[in-house]
Amino acid sequence: GLEALREDILARLGRLLASAGVSPADVTVDVERRGADLHVALEGPQLPRPTRAALAVRVLDAVHSADTTAGQVDVGYHAR
């Protein structure tokens, strides 16, 4: 389900976040189904644009690897 997907996303983000000097514990991941679509909201400290883009790619990899179907996947990162 969505909780397993959320955990997989966090696991995939861990190394990238650590390389950016950010503890994975400082980033939250919320996964919400909106009809046939998925909305993934990441929230954490300020990160450079290339790092945010790399996070989004890992999120999409997790969604495509998950045993779930989704129409559109919306990924957003919000700095605290």
Side-chain angles (χ1 to χ4, degrees):
L2 295 183
E3 181 59 27
L5 175 59
R6 190 185 77 77
E7 290 176 13
D8 185 32
I9 290 169
L10 280 170
R12 289 171 187 258
L13 300 183
R15 187 178 302 161
L16 175 63
L17 290 168
S19 72
V22 174
S23 168
D26 291 337
V27 175
T28 59
V29 177
D30 290 313
V31 181
E32 180 181 318
R33 187 168 287 286
R34 294 181 180 169
D37 300 337
L38 283 178
H39 178 73
V40 181
L42 308 172
E43 187 174 338
Q46 189 76 340
L47 293 171
R49 176 176 240 168
T51 304
R52 293 191 317 263
L55 291 175
V57 169
R58 283 164 178 76
V59 168
L60 293 175
D61 285 345
V63 170
H64 290 296
S65 295
D67 196 16
T68 187
T69 56
Q72 183 174 335
V73 180
D74 178 35
V75 181
Y77 186 88
H78 302 284
R80 295 191 198 110

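Side chains included, hydrogens not; waters and symmetry mates left out as well; all remaining heavy atoms used.
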Between Leu60 and Val27, is there shared hydrophobic-cluster membership here, with clusters defined by ILVMFWY side-chain heavy atoms closer than 4.5 Å?
yes

Looking at side-chain heavy atoms only, is the closest gap between Asp74 and Asp37 below 4.5 Å?
no

Here the pair of heavy atoms bringing Thr28 nearest to Arg80 is CG2-NH2, 3.5 Å

CZ-CD distance between Arg52 and Gln46, expressed to the nearest 0.5 angstrom:
6.5 Å

Pairs meeting criterion side-chain hydrogen bond (donor to acceptor under 3.5 Å, both in side chains) with involvement of residues 7-17, two or more places apart:
Asp8-Arg12, Arg12-Ser65

Could you tell me whether the side chain of Leu17 reaches within less than 4.5 Å of the side chain of Leu55, counting heavy atoms only?
yes

Rounded distance (nearest 0.5 Å) linking atom CD1 of Ile9 with atom CG of Leu2:
9.0 Å

Can you spot which of Val40, Val31, Leu10 makes a side chain to side chain contact (heavy atoms under 4.5 Å, CB included) with Leu5?
Val31

Hey, are the side chains of Leu42 and Leu13 touching, using non-hydrogen atoms and a 4.5 Å cut-off?
yes

Nearest heavy-atom contact between Ala36 and Arg33 is O-NH1, 3.6 Å

